[in-house]
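Small disclaimer: the values here were computed from a predicted structure and weren't measured. The chains referred to below are lettered A, B, ... by the order of the sequence lines, with proteins before strands, and numbering in each begins at 1.
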There are 2 protein chains.
Amino acid sequence: MPKLSQKAAAMPASPIRKLMPYAMKAKADGVNILHLNIGQPDIKTPDVVIERMKHIDRKVIEYSNSEGFEGYRQKLAEYYQGHGIPVSTSDIMITTGGSEALTFAMMTCFDPGEEVIIPEPYYANYSGFATMAGIKVVPITTKIEEGFSLPGAEAFEALINEKTKGIVLCNPGNPTGYLYSREELEKISALVKKHDLFLIADEVYREFCYDGNHPFSAYNLDGIDQNVILVDSVSKRYSMCGARIGAMITRNTDVHNSAMKFAQARLSPPTFGQIASEAALETPQSYFTDVIEEYVERRNFMVDGLNEIDGVLCPKPKGAFYAMAKLPIDSSDKFCQWLLESFRLNNETVMLAPGSGFYITEGLGAQEVRIAYVLEKEDLKRALAIIKQALTEYPGHTN
Amino acid sequence: MPKLSQKAAAMPASPIRKLMPYAMKAKADGVNILHLNIGQPDIKTPDVVIERMKHIDRKVIEYSNSEGFEGYRQKLAEYYQGHGIPVSTSDIMITTGGSEALTFAMMTCFDPGEEVIIPEPYYANYSGFATMAGIKVVPITTKIEEGFSLPGAEAFEALINEKTKGIVLCNPGNPTGYLYSREELEKISALVKKHDLFLIADEVYREFCYDGNHPFSAYNLDGIDQNVILVDSVSKRYSMCGARIGAMITRNTDVHNSAMKFAQARLSPPTFGQIASEAALETPQSYFTDVIEEYVERRNFMVDGLNEIDGVLCPKPKGAFYAMAKLPIDSSDKFCQWLLESFRLNNETVMLAPGSGFYITEGLGAQEVRIAYVLEKEDLKRALAIIKQALTEYPGHTN
């Protein structure tokens, strides 16, 4: 058999991949698993979306333009303008999820061997997209004890060399739920300008900001118009992850036009998903108000509950629907496996994402887990009880 | 502004990209353009697909598994078995169009700098996917005068070196409509076995075979189970290009498992498209019978008509819905541009794809154009009249 590529070997497996066989075994044994390990919300997709699909009136499900349907792009530009973000229709390229926007941005801006700085812990698939493009991820570590706040400019400066080509920020952040302040972003902006870097800003959790906080978009940073690439997605906003519709947005026409060559090679983003996403723009504000209220309640319940457990530290997130928690355990990889393999409370257990998968620095995150509070409160209640009880019984408990 | 990547610079633009401004100008001037330049059929998507979408009963448009919905994969395996192709459910990974299947196959199997042999003229986007993976395409030239039949094994042997990792075949072929015989495929199979290569077989036009011909699938070649990767798509089969659903199919579990890491990074193929594609499997045979009848009539009309024009050579394709034609002109790039810019017959013109875009060897295809016979006969009639008249008036006409 011919040998596979080194790239395939280097591709990181998903942080929960190793746990899958244990989850399948538990399921086969009739155990109910509460999934706090994934960002698949249980929130209903807006009715306007489902209704539009039910009234689809096309005879031929054709390709769209490679940059997406013109009508959708126009309405999407209006959505941003309504959020105070100065996006023009021509800035927008519709992509197959935020994933493809990240791939296009990285392939367009980075040559193999070049470096991208990403605050860790970060969304694990950034490593996958970087590997596909042959890019080296240079992490800048943020600490759970400091609430994941961004280190100062000098920490960034220490990492910047002639191979550094850009920075990726996720705001609000997955897996931390951290919301960057305007001041933090302006510091990043100064660095981007000084060293002439690209700033890839993943803002897919924009709508999920709590406690009266508002997100500050990287698109509103002054003086780095040509450096900013916004990555967006309808997946979380309208709880329609399966639509696979995202966007790569930039005022840099060279980046846009070059990325168009990648977009043309794959022909077009999904037509059904674009129809659904255009409909989603008519989602009433009440939908978001309800969703935010629901998430705040879930977050408060889950995070407060976790912090009440002896030895647990869980900074309260200001955005997204994830929380990182530090547990009194030897290894979150082992703990998450043990939960699936050996622990049951009333024939239920929880699946969590081990923290190590979100750090690239070896050894970090070993005591942390990511908890996605994407289930309803009744489920979260039982999940919390399970975690609490499990910690008292887990053989690798530390103090 | 930071520099863009060399990969972005190396990405080939679509063969018709250069023509787009001229097409837009003509359209703005009120000229009707008959589009023979793209593979977007005018054929209706099967009713079962549209009906299924109208009765969608999901509350949340969730991600599917990264390898696609289990139920769809099972039914798809049955489809292949019904066509005498021994595919198991576990062989199948659902992808975002055939495009993503090609990207995954290339990234999984080839390291940057390695070589893939592809008979030219070939589907232009193969070059794009190869560039994304950093692979060098080594063309093996087939000739319009020989009806695009495959050169003998010795011609392949002359191109194989220690960097050669695989062969890509499109069968039936885009842009030629050529259908490989079982004997030709068995010769390729022997080469693949002898040199331990991957064989990536793009069989997306399987259903489009004419004159009683049947396609022989690379999956049925003996002794190269571990080498064959099938690329497929619902785009053309059910005239639903916009669904963006394809598949990467292999019995090689290492290839499958490694490609899964790329699949997991992008989360999932489109959910709506998979629902539509599962429904499409219930398309009645009469749909295909009607479509084939329609395409045979179009092909016969177009190809016979072209061959009647003085100095035109157009081999009759046995499959797909494209034909390559050699015209008595100096340059197909210039001719195609001139058609859009300067030629009108009753305020109409045609858009064709210049042949050069389908060859990688410099200079080849300069007199050839690709004609997609995807319009109804009345349109094709006018298109043929336009081409005939245009050839008499074109300043670069040769004899």
Given heavy-atom pairs under 4.5 angstrom as the criterion, report whether the side chain, backbone, both or neither of F110(A) touches chain B. backbone
Cut-off 4.5 Å, heavy atoms of chain A, and the answer for R17(B) is side chain
Residues S239(B) and T45(B): closest non-hydrogen pair is O-OG1, 2.7 Å
Between N125(B), T271(B), V255(B), which shows the greatest number of heavy-atom pairs under 4.5 Å with chain A? N125(B)
T164(B) side chain vs N161(B) backbone, donor-acceptor pair below 3.5 Å: yes
Using a heavy-atom distance cut-off of less than 4.5 Å, which residues of residues 59-70 of chain B contact chain A? K59(B), V60(B), I61(B), E62(B), Y63(B)
Given heavy-atom pairs under 4.5 angstrom as the criterion, report whether the side chain, backbone, both or neither of F262(A) touches chain B. both
Under the side chain to side chain contact (heavy atoms under 4.5 Å, CB included) test, residues paired with A279(B) that sit two or more places apart: R52(B)
Which residue out of Q274(B), M260(B), M132(B), E114(B) racks up the most heavy-atom pairs below 4.5 Å with chain A? M132(B)
If we ignore hydrogens and angles and just use 3.5 Å, is the side chain of R244(A) paired with the main-chain N or O of R266(B) as donor and acceptor? yes
Between A265(A) and M11(B), which heavy-atom pair has the shortest distance, and what is it? CB-CE, 4.0 Å
State, to 0.1 Å, how close F358(A) and A124(A) come at their nearest heavy-atom pair, and which atoms those are. CD2-N, 4.1 Å
Pairs of heavy atoms under 4.5 Å with chain A: top-ranked of K44(B), Q6(B), H195(B), M240(B): Q6(B)
So, K3(B) and D196(A), do they make that salt bridge, N to O below 4.0 Å? no
Between the side chain of T96(A) and the main-chain N/O of P270(A), is any donor-acceptor distance below 3.5 Å? no
For D42(B), which atoms come within 4.5 Å of any heavy atom of chain A: side chain, backbone, both, or neither? backbone
In terms of heavy-atom pairs under 4.5 Å with chain A, which of L4(B), D57(B), T103(B) leads? L4(B)
Closest non-hydrogen contact found for T131(A) with P12(A) is OG1-CD, 3.8 Å
Option in Q226(B), K165(B), K193(B), E100(B) with maximal non-hydrogen atom pairs under 4.5 Å from chain A: K165(B)
Excluding sequence neighbours, so at least two apart, what forms ring-ring contact (aromatic ring centres under 6.0 Å, His included) with F129(B)? none
Check whether L197(A) gets within reach of chain B through its side chain, its backbone, both or neither, counting any heavy atom under 4.5 Å. backbone
Quick one: what part of S99(A) sits under 4.5 Å from any heavy atom of chain B, side chain, backbone, both or neither? side chain
Closest heavy-atom pair and its distance - K163(B), G113(B): CD-O, 3.6 Å
With a 4.5 angstrom heavy-atom cut-off, is it the side chain or the backbone of A133(B) that approaches chain A, or both, or neither? backbone
Can you tell me which portion of I43(A) sits under 4.5 Å from chain B's heavy atoms? Options are side chain, backbone, both or neither. backbone
Selection from S235(A), P112(A), G128(A), C109(A) maximising heavy-atom pairs under 4.5 Å formed with chain B: C109(A)
Any side-chain to backbone donor/acceptor pair from S5(A) onto A8(A)? Under 3.5 Å, distance only. yes
Contact leader toward chain B among N227(A), N252(A), I224(A), where contacts are heavy-atom pairs under 4.5 Å: N252(A)
Can you sort out the partners of Y123(A) under ring-ring contact (aromatic ring centres under 6.0 Å, His included), two or more places apart, ordered by chain and number? Y126(A)
Name the region of P46(B), side chain, backbone, both or neither, that has any atom closer than 4.5 Å to a heavy atom of chain A. neither
Check each atom of A259(B) against the heavy atoms of chain A and say whether the ones under 4.5 Å are side chain, backbone, both or neither. neither
Please check if the side chain of N257(B) supplies one atom and the backbone of T253(B) the other of a donor-acceptor pair under 3.5 Å. yes
Chain A contact via L102(B) - which portion, at a heavy-atom distance below 4.5 Å: neither
Between K54(B) and H55(A) (side chain of the first, backbone of the second, donor and acceptor by atom type, cut-off under 3.5 Å), is there such a pair? no
